[in-house]
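In what follows, every chain begins at residue 1, and chains take the letters A, B, ... in the order their sequences are listed.
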Amino acid sequence: MPGKVRVRFAPSPTGGLHLGGVRTVLYNYLFARQHGGDFILRIEDTDQSRFVPGAEEYIVNCLQWCGLQPDESPQKGGPYGPYRQSERKALYRQYAEQLVQAGKAYYAFDTPAELEAMREQYKTPENQSPQYDHRLRMKMRNSLTLSPAETKRLLDEDTPHVIRILMPENEEVKFTDMIRGEVNFNTSTVDDKVLLKADGMPTYHLAVVVDDYLMKITHAFRGEEWLPSAPVHILLWKYLGWENDMPQWAHLPLILKPDANGKLSKRDGDRLGFPVFAMNWTDPRTNEFTKGFREIGFLPQAFVNMLALLGWNDGTDQEIFTLEELVQKFSIDRVHKGGARFDYEKAKWFNHEWIKRMDAAALLPEVKNFIPKKDIDEDYLLKVIALIKDRCTLLTEFWDQSKFFFGTPEQVDLDAIRPKWNAAKEEFFKLVIEKFKSVSSWNEPGLETMFKKLASEKNIKPGEVLLPLRIMLVGGKFGPGVFAIAELIGEKETVARIERVLSGLQQAS
RNA sequence: GCCGCGUUCGUCUAAGGGCUAGGACACCACCCUUUCACGGUGGUGAUACGGGUUCGAAUCCCGUACGCGGUACCA
């Protein structure tokens, strides 16, 4: 019986969590849930120079917001910890040494300056970036070119060194990618990647293989940018003797810029005016602030839904999916091979659909985060939400669409009334006030009937006084049905607003 | 440069040898609405190019072009 499905998301904590990162999380998560497996969060913080304080906590919070919580993580722990590679540092060296003993890797003593000089020296128009590979390794300072005694001496003297994989010459490495099918590489075109750095930390290549093995990962999904280094990883699995435990691979297509070539970056968001990170992020080193999908007014359900459909579909015309439906219907082999351009308009459409489909009660806690007024009666707020939600695309729009339910409008567009204002209309609204004051049951249909009846009695077309009424109550030409608004704000407030505008019009004339 | 991966309306995509290449976003028009939205109906709009294979190709094969990714002691 095959082991339990185990997948992981392994970000390096260097900044905000990008759209593509969240989608990678999502596909991992869906696959794990669908197969009753485990989803692990592993922090790949092996590059000490790029460590950013707070980035890990930020990533954890993003996953929390999206509802994609890991089963094992640095915070939750689990049977295969620690889950931060920096805390696993001592683990990796033995595997690198094991490879050296087996003749699959070697010590290299070249300094950064020497590597730079090598690249400069061997650079030609045909070979623009010379590699540390089978053609050049014998010209460098390593345990392949140095005598055993010299190597031992350098090691004994703690000379800074790295361990590099010894790539074989002219071997085919092939594997089956769950999305792309069979993929082939010739080992002669791959360089001798550094496995263990001079500071004793592993590079990604070593760490990902060792940790995936130790953590019993069965399926490894990651971005397409990793495809070129897949042969290194596959060889490592083989050389370490773990070939039978190697996970199945899937390299996910990239998310591209909407308007130009290349993969989507944070800068595109700044330039085009949409978020790229899941949540607000401030870089602690530069204080640079970047807006997130959460703060710009996205529902996590819509955000996740939108991401799921960027590169995947279930083969039907369905576009709106709950997380549960996605868990049920997701399949990795229906994921696209080609990259997908990000379209912010479509992203907003998903959010709008979710807002329309969710009932006011479900929206209430989300909306509360976006309205400045805190002491609002929940029943009243519920009614307001029900009335305006269809016209809000982002959560941030709720307040602008509903301010007038919570207080007299500060700005009233008198200029929209004035041109067609006359004594007859003024007279009419004074009568309206009287009628409204004496109404027995204050509700939308009753008010509408009464208002229109009064208008026709006075030989005024309802349309000529409906807009003025709206502006009196709302302040401008927007909002839901005017009598629904009147019903909600109540008789006293309705009358007060009409009176206020009436006197405003008198003063101005 | 080299290696790898891609390529269906402007964008996200369906169609895995066989109907007029379907849907969604966006856009346009009309309807609904005496506000603004929602909604409804309709419309514009695509198989990168060239060769094969086949009765028949978006689909299979080869080539070309274009795009993307990689080419670090970064992930």
Side-chain angles (χ1 to χ4, degrees), chain A residues 10-14 44-47 49-50 85 108 110-112 115-116 119 123-133 160-164 177 179-180 183-186 188-191 193-205 207-208 222-231 251 253-254 256 258-259 261-263 306 309-320 336-350 352-353 356 388-393 397 401 416 452 461-471 474 476-482:
Chain A
S12 84
T14 52
E44 309 228 341
D45 54 351
T46 55
D47 186 354
S49 68
R50 295 210 308 163
Q85 287 180 333
D110 317 276
T111 63
L115 290 173
E116 182 57 33
R119 292 196 182 99
K123 190 170 169 179
T124 63
E126 296 75 41
N127 186 6
Q128 292 187 2
S129 47
Q131 309 253 288
Y132 202 118
D133 63 8
H161 64 279
V162 301
I163 293 179
R164 286 180 182 269
D177 184 283
I179 295 172
R180 285 151 216 284
V183 182
N184 293 289
F185 290 90
N186 185 298
S188 293
T189 66
V190 185
D191 62 330
K193 291 283 181 215
V194 169
L195 265 20
L196 199 74
K197 299 187 256 187
D199 65 1
M201 278 286 196
T203 59
Y204 173 82
H205 306 294
V208 74
R222 72 219 307 196
E224 190 183 348
E225 67 269 26
W226 290 110
L227 199 47
S229 48
H251 291 88
L254 268 12
L256 276 13
D259 64 331
N261 296 329
K263 65 176 176 179
M306 177 271 291
L309 274 281
L310 211 52
W312 172 87
N313 70 84
D314 76 338
T316 74
D317 287 342
Q318 183 175 351
E319 294 195 270
I320 303 300
H336 261 240
K337 295 180 176 75
R341 278 180 200 273
F342 177 67
D343 181 354
Y344 187 50
E345 291 306 317
K346 183 90 186 211
K348 285 193 290 190
W349 174 82
F350 276 104
H352 194 188
E353 286 300 310
K356 284 190 292 185
I388 63 163
K389 70 190 187 73
D390 285 5
R391 61 190 68 222
C392 296
T393 297
E397 291 162 22
Q401 287 288 342
K452 288 184 175 173
K461 288 188 204 133
E464 291 191 41
V465 280
L466 236 24
L467 186 64
L469 177 63
R470 163 173 301 281
I471 288 166
V474 174
K477 290 195 263 187
F478 62 96
V482 69

*Asks:* Below 3.5 Å between N/O atoms, which protein atoms pair up with nucleotides 18-20 of chain B? Just atom names and distances, please.
*Replies:*
none

*Asks:* Just to verify, what does A/D317 make a side chain to side chain donor-acceptor pair (under 3.5 Å) with, not counting sequence neighbours?
*Replies:*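 With sequence neighbours excluded, A/D317 shows a side chain to side chain donor-acceptor pair (under 3.5 Å) to no residue whatsoever.
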
*Asks:* For residues 341-350 of chain A, which residue pairs qualify under salt bridge (charged side-chain N to carboxylate O under 4.0 Å, His left out), counting only residues two or more places apart or in two chains?
*Replies:*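 Of all non-adjacent pairs touching residues 341-350 of chain A, those that pass salt bridge (charged side-chain N to carboxylate O under 4.0 Å, His left out) are A/E319-A/K346, A/E345-A/K348.
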
*Asks:* The criterion is side chain to side chain donor-acceptor pair (under 3.5 Å); which residues satisfy it with A/T316, sequence neighbours excluded?
*Replies:* A/D314

*Asks:* Which sits closer to the 5' end of RNA chain B, A/K263 or A/P480, going by the nucleotide each is nearest to?
*Replies:* A/P480

*Asks:* Write down the protein N/O and nucleotide N/O pairs, taken from nucleotides 6-15 of chain B, whose separation is under 3.5 Å; answer none if there are no such pairs.
*Replies:*
residue: B/C12; atom: OP1; partner: A/R341; partner atom: N; Å: 2.8
residue: B/C12; atom: O2'; partner: A/L309; partner atom: O; Å: 3.4
residue: B/U13; atom: OP1; partner: A/G311; partner atom: N; Å: 2.9
residue: B/U13; atom: O3'; partner: A/N313; partner atom: ND2; Å: 2.8
residue: B/U13; atom: O3'; partner: A/H336; partner atom: NE2; Å: 3.0
residue: B/A14; atom: OP1; partner: A/N313; partner atom: ND2; Å: 2.8
residue: B/A14; atom: OP1; partner: A/H336; partner atom: NE2; Å: 3.3
residue: B/A14; atom: OP2; partner: A/H336; partner atom: NE2; Å: 2.8
residue: B/A15; atom: OP1; partner: A/R334; partner atom: NH1; Å: 3.4

*Asks:* Listing time: all N or O pairs from protein to nucleotides 72-75 of chain B that are below 3.5 Å?
*Replies:*
residue: B/C73; atom: OP2; partner: A/R164; partner atom: NH2; Å: 3.3
residue: B/C73; atom: O2; partner: A/A198; partner atom: N; Å: 2.7
residue: B/C73; atom: N4; partner: A/D110; partner atom: O; Å: 2.9
residue: B/C74; atom: OP2; partner: A/K197; partner atom: NZ; Å: 2.9
residue: B/C74; atom: O2'; partner: A/D47; partner atom: OD2; Å: 3.2
residue: B/C74; atom: O2'; partner: A/R50; partner atom: NE; Å: 3.1
residue: B/C74; atom: O2'; partner: A/R50; partner atom: NH2; Å: 3.0
residue: B/A75; atom: OP1; partner: A/T46; partner atom: OG1; Å: 2.7
residue: B/A75; atom: OP1; partner: A/K197; partner atom: NZ; Å: 2.8
residue: B/A75; atom: OP2; partner: A/Y204; partner atom: N; Å: 3.3
residue: B/A75; atom: O3'; partner: A/E44; partner atom: OE1; Å: 3.4
residue: B/A75; atom: O2'; partner: A/S12; partner atom: OG; Å: 3.3

*Asks:* Taking pairing as Watson-Crick or G-U wobble with both contacts under 3.5 Å, can you name the mate of B/U7, or confirm there isn't one?
*Replies:* B/A65

*Asks:* Residues two or more places apart in sequence or in another chain: which of them pass ring pair (Phe, Tyr, Trp, His ring centres under 6.0 Å) with A/H352?
*Replies:* none

*Asks:* What is the nucleic acid contact for A/V183, judged by heavy atoms within less than 4.0 Å: base, sugar-phosphate only, or nothing?
*Replies:* sugar-phosphate

*Asks:* Ring pair (Phe, Tyr, Trp, His ring centres under 6.0 Å) with A/F342: which residues, sequence neighbours excluded?
*Replies:*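 Applying ring pair (Phe, Tyr, Trp, His ring centres under 6.0 Å) to A/F342 gives A/F274.
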
*Asks:* Crowded around A/K123 NZ? As in, over 12 foreign heavy atoms under 6.0 Å?
*Replies:*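 Atom NZ in A/K123 is not packed in, count stays at 12 or less.
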
*Asks:* When rounded to the nearest Å, what value does the distance between P atoms of B/U8 and B/A15 take?
*Replies:*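 Going atom to atom, P in each nucleotide, I get 14 Å.
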
*Asks:* Quick one: label A/G262 by what it contacts on the DNA or RNA (base, sugar-phosphate, nothing), any heavy atom closer than 4.0 Å.
*Replies:*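 Result for A/G262 = sugar-phosphate.
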
*Asks:* Determine the interatomic distance between C1' on B/A46 and the same-named atom on B/U20; round to the nearest Å.
*Replies:* 15 Å

*Asks:* Check nucleotides 39-46 of chain B against the protein and report each pair of N or O atoms closer than 3.5 Å, with its distance, or say if there are none.
*Replies:*
residue: B/G39; atom: OP1; partner: A/K356; partner atom: NZ; Å: 2.4

*Asks:* For atom C1', what is the distance between B/G23 and B/C9, given to the nearest Å?
*Replies:*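 One C1' to the other, the span is 12 Å.
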
*Asks:* Only counting residues at least two apart or in another chain, list the ones meeting ring pair (Phe, Tyr, Trp, His ring centres under 6.0 Å) with A/W226.
*Replies:*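 Once residues adjacent in sequence are excluded, the partners of A/W226 under the ring pair (Phe, Tyr, Trp, His ring centres under 6.0 Å) criterion are A/Y204.
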
*Asks:* What residues, two or more places apart in sequence or in another chain, satisfy ring pair (Phe, Tyr, Trp, His ring centres under 6.0 Å) together with A/F185?
*Replies:*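 Per chain and number, A/F185 pairs via ring pair (Phe, Tyr, Trp, His ring centres under 6.0 Å) with no residue.
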
*Asks:* For B/A15, give its Watson-Crick or G-U wobble partner with both distances under 3.5 Å, or none.
*Replies:*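 Pairing partner, where one exists within any strand: none, as none qualifies.
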
*Asks:* With sequence neighbours left out, what residues match A/D45 under side-chain contact (heavy atoms from CB on, under 4.5 Å)?
*Replies:* A/P13, A/I43, A/R84, A/Q85, A/S86

